Amino acid sequence: MFCYHCGCHLSEHDFCTACGADVSLYKKIMNVSNLFYNEGLERAGVRDLTGAITSLRQSLKFNKNNIEARNLLGLVYFEMGEVVAALSEWVISKNLRPEKNIADDYIDMLQSNASRLDAINQTIKKYNQALVYCLQDSKDLAVIQLKKVLSLNPKFVRAHQLLALLYMDAEEWERAQRELKKCLDIDRNSTLTLRYLKEVEIMLAPDENVKPVGRKKRDDAVRYQSDNEVIIQPLNVREQKVGGVSTLVNIGIGLVIGLAAMYFLVVPAAVSNVNNEAQKTITEIGNQLDAKTSRIQEIEQQLSDLQAENDDLNQELQGIVGTDGTLQTIDNLLTAATAYLETQDIQQTAANLESIAQSINVEDTSDAFQSLYHTLLGTIGPELSEQYYTEGYSAVRSEDYTVAIENLAKAFYYDETHVDALLELGNVYRKCEDVDNAIATYDKVIELFPDTEQARKAQRNRDNLMGEATN
């Protein structure tokens with residue numbers, strides 16, 4: 001552990017032996033950060049990735065320069081399929097420690113493999129499109145998109161959870177259970193996954209109040225009703241055979257009557273049933289053909305929509321990996337930071353930052369990108385602001401007001417605490433008779449730097465300018 005004041009190695013004492021600074025509280029903060037890091041490492045070791053993220057974030061709250069915690073947080077994000085979040089952590093880590101940092105290897109692993117990078121971009125786009133389909137209530141298309149996402153990135157926990165939620169909505173409980181178990185294989189302590197799984201298991205559990213129906217006890221007799229009498233005939237009791245000619249005659253008469261009844265009653269009914277069944281079968285086949293025709297048309301329309309979506313995604317992909325894409329912008333920012341660290345050329349660094357600001361809207365970028373951009377801008381800002389103020393003041397004395405306005409504006413842009421540059425800019429606007437800009441600049445001095453001599457001067461100049469405008 002090193003002293004925050006002078007950078008010397010700290011001993012067991014509560015003060016720095018080199019500069020005498022009190023480091024007792026500093027040591028406690030560093031120890032708490034390391035404690036949370038160790039806790040996150042243990043949780044990651046048993047695949048409690050959600051708990052590991054919580055612990056590592058706490059570690060970085062106490063010590064944002066904890067490189068090991070930040071790199072491990074990136075690995076945990078990567079294991080859960082959150083590649084963008086992982087890349088952000090590694091980029092910050094690389095800028096905090098440019099040398100001997102394993103984050104370089106992680107970033108190179110992603111950027112050097114074009115197919116992997118393309119798969120990552122496709123995963124992000126398809127997952128976002130699945131969310132859009134869910135909002136549009138096109139749940140079948142959302143399921144298709146999520147299956148494609150998981151084929152490209154099987155460890156994307158959020159995609160598994162969303163797919164399970166769609167299965168639960170469709171009451172396909174077993175499929176939802178399989179997806180949630182895949183989530184638990186990746187992250188064993190995700191609160192959202194466990195909550196979904198509990199709901200699924202409740203729906204899959206059998207009803208305990210339903211008792212199995214046993215076999216009925218075989219009756220020992222056959223019961224049937226004849227008119228108003230109930231006749232009970234015992235089983236396994238054989239009637240005595242009755243012989244004679246009368247029996248044969250009765251059998252013959254019964255056969256003739258049965259054949260006649262079959263011919264006049266049973267056969268026409270059977271033929272009619274066969275015809276009805278055939279007509280019903282023909283109707284069902286016709287309905288199936290109509291349904292299949294409609295389905296084919298629907299699939300063709302979906303294919304056309306998917307082709308248009310594919311074209312849009314290819315265009316968006318070019319916006320990410322192309323010459324003016326997001327990754328290229330990140331690379332330009334890293335190049336600018338590296339150039340400044342190597343050469344300390346603030347003019348070139350300022351030109352690089354201005355080029356980046358002209359190509360994109362910095363406020364629309366990620367938190368990590370904005371942090372690095374503003375850190376670099378704050379590093380070169382004061383010195384660069386002073387140079388622009390000197391050049392602007394010289395231009396004022398030479399009465400070259402156009403150059404003066406440009407340089408004084410840049411001086412305040414690079415150092416928003418430079419009140420003299422802002423006040424002098426208002427004076428130049430006043431000399432150029434640009435009343436609106438002069439008043440707006442004086443108002444900014446009064447608002448940003450109240451109770452200062454410059455604010456009082458700005459107020460006097462503003463009052464004089466308003467009086468001149470009234471006269």
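Each residue takes its place number in the sequence, starting with 1. Since we're looking at a predicted model, the values are computed, not measured.
Side-chain N or O atoms of His160 include none that pairs as donor or acceptor with a backbone N or O of Lys181 at under 3.5 Å. No donor-acceptor pair closer than 3.5 Å links the side chain of Ser33 to the backbone N or O of Ile29. Within the 3.5 Å criterion, the main-chain N or O of Pro382 finds no donor-acceptor partner in the side chain of Ser385. Side-chain N or O atoms of Thr54 include one that pairs as donor or acceptor with a backbone N or O of Thr50 at under 3.5 Å. Between the side chain of Arg43 and the backbone N or O of Gly51, at least one donor-acceptor pair lies under 3.5 Å. No donor-acceptor distance shorter than 3.5 angstrom exists from the side chain of Asn71 to the backbone of Ser93, with no hydrogens or angles considered. Between the side chain of Asn128 and the main chain of Ile124, a donor-acceptor pair closer than 3.5 Å is present.
The side-chain contact (heavy atoms from CB on, under 4.5 Å) with Ile439 is formed by just one residue from the set Asp443, Asp436, Asn437; it is Asp443. Paired with Asp187 under the rule side-chain contact (heavy atoms from CB on, under 4.5 Å), one option of Met80, Lys155, Arg47, Glu79 passes, and it is Met80.
Between the CG atom in Leu192 and the CZ atom in Arg158 there is a gap of 11.0 Å [rounded to 0.5 Å]. The OG1 atom of Thr402 sits 11.0 Å away from atom CG of Asn407, with the distance rounded to the nearest 0.5 Å.
With no hydrogens or angles considered, no side-chain donor-acceptor pair links Thr123 and Asn153 at under 3.5 Å. Residues Asn63 and Asn34 have side chains that never bring a donor and an acceptor to within less than 3.5 angstrom of each other.
Applying the salt bridge (Lys or Arg N to Asp or Glu O under 4.0 Å) rule to Glu298 yields the partners Arg295; only residues at least two apart in sequence or on another chain are considered. Lys126 meets the salt bridge (Lys or Arg N to Asp or Glu O under 4.0 Å) test with no other residue; sequence neighbours excluded. Under the salt bridge (Lys or Arg N to Asp or Glu O under 4.0 Å) criterion, Asp185 pairs with no residue, sequence neighbours left out.
Heavy atoms of other residues, nucleotides or ligands lying less than 6.0 angstrom from CD of Glu416 number 12 at most. In the displayed structure, Phe449 atom CZ is contacted under 6.0 Å by more than 12 heavy atoms of other residues, nucleotides or ligands.
Salt-bridge formation is not detected for the pair Glu179/Arg175: no Lys NZ or Arg NE/NH1/NH2 atom is positioned less than 4.0 Å from an Asp or Glu carboxylate oxygen.
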Verdict with supporting geometry, Gln301 and Asp305, side chain to side chain donor-acceptor pair (under 3.5 Å): CA-CA 6 Å; Gln301 182 62 36; Asp305 295 340; 3.2 Å; yes
Leu56 vs Asn66, side chain to side chain contact (heavy atoms under 4.5 Å, CB included): CA-CA, chis, key distance, verdict: CA-CA 10 Å; Leu56 293 173; Asn66 193 334; over 6 Å; no
CA sep, side-chain torsions, deciding dist, call: Val46, Asn189, side chain to side chain contact (heavy atoms under 4.5 Å, CB included): CA-CA 10 Å; Val46 295; Asn189 198 27; over 6 Å; no
Test log, rule side chain to side chain contact (heavy atoms under 4.5 Å, CB included), inputs Gln129 and Val132: CA-CA 5 Å; Gln129 186 61 46; Val132 173; 4.1 Å; yes
Test log, rule salt bridge (charged side-chain N to carboxylate O under 4.0 Å, His left out), inputs Glu68 and Arg97: CA-CA 11 Å; Glu68 288 75 13; Arg97 186 195 292 172; 3.7 Å; yes
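Taking 4.5 Å as the limit, some side-chain heavy atom of Val83 sits within range of a side-chain heavy atom of Phe78. In this structure, the side chains of Glu89 and Leu60 come closer than 4.5 Å at one or more pairs of heavy atoms. When side chains are defined from C-beta on, Asp105 does not count as touching Met109, because their heavy atoms never get closer than 4.5 Å. You'll find the side chain of Val91 reaches within 4.5 Å of the side chain of Asn95, heavy atoms only. Side-chain contact between Gln177 and Leu197 is present, with at least one heavy-atom pair separated by less than 4.5 Å. The closest side-chain heavy-atom distance from Phe62 to Leu35 is not below 4.5 Å. Side chains of Phe412 and Leu408 form no contact here, defined as non-hydrogen atoms less than 4.5 Å apart. Contact of the Thr281 side chain with the Ile285 side chain is registered, since non-hydrogen atoms from C-beta on lie closer than 4.5 Å.
In terms of heavy-atom proximity, Ile446 sits nearest to Ala455 at CG1-O, 3.9 Å. Across Ala44 and Val76, no two heavy atoms sit closer than the pair CB-CG2, 4.3 Å. Across Ala164 and Ala176, no two heavy atoms sit closer than the pair O-CB, 3.6 Å. In plain terms, the two heavy atoms of Ala142 and Ala130 that are nearest each other are CB-O, 3.7 Å. Here the closest heavy-atom approach between residue Lys64 and residue Leu96 is recorded as O-CD1, 3.6 Å. Residues Leu180 and Thr193 come closest through the heavy atom pair O-CG2, 3.6 Å.
Within the structure, every pair that satisfies the side-chain hydrogen bond (donor to acceptor under 3.5 Å, both in side chains) test and touches residues 134-144, not counting sequence neighbours, is listed here: Lys139-Asp169. For residues 102-147, the ring-ring contact (aromatic ring centres under 6.0 Å, His included) pairs, not counting sequence neighbours, are Trp90-Tyr106, Tyr127-Phe156. Contacts classified as ring-ring contact (aromatic ring centres under 6.0 Å, His included) and involving residues 280-302 (residues at least two apart or in different chains) are not found.
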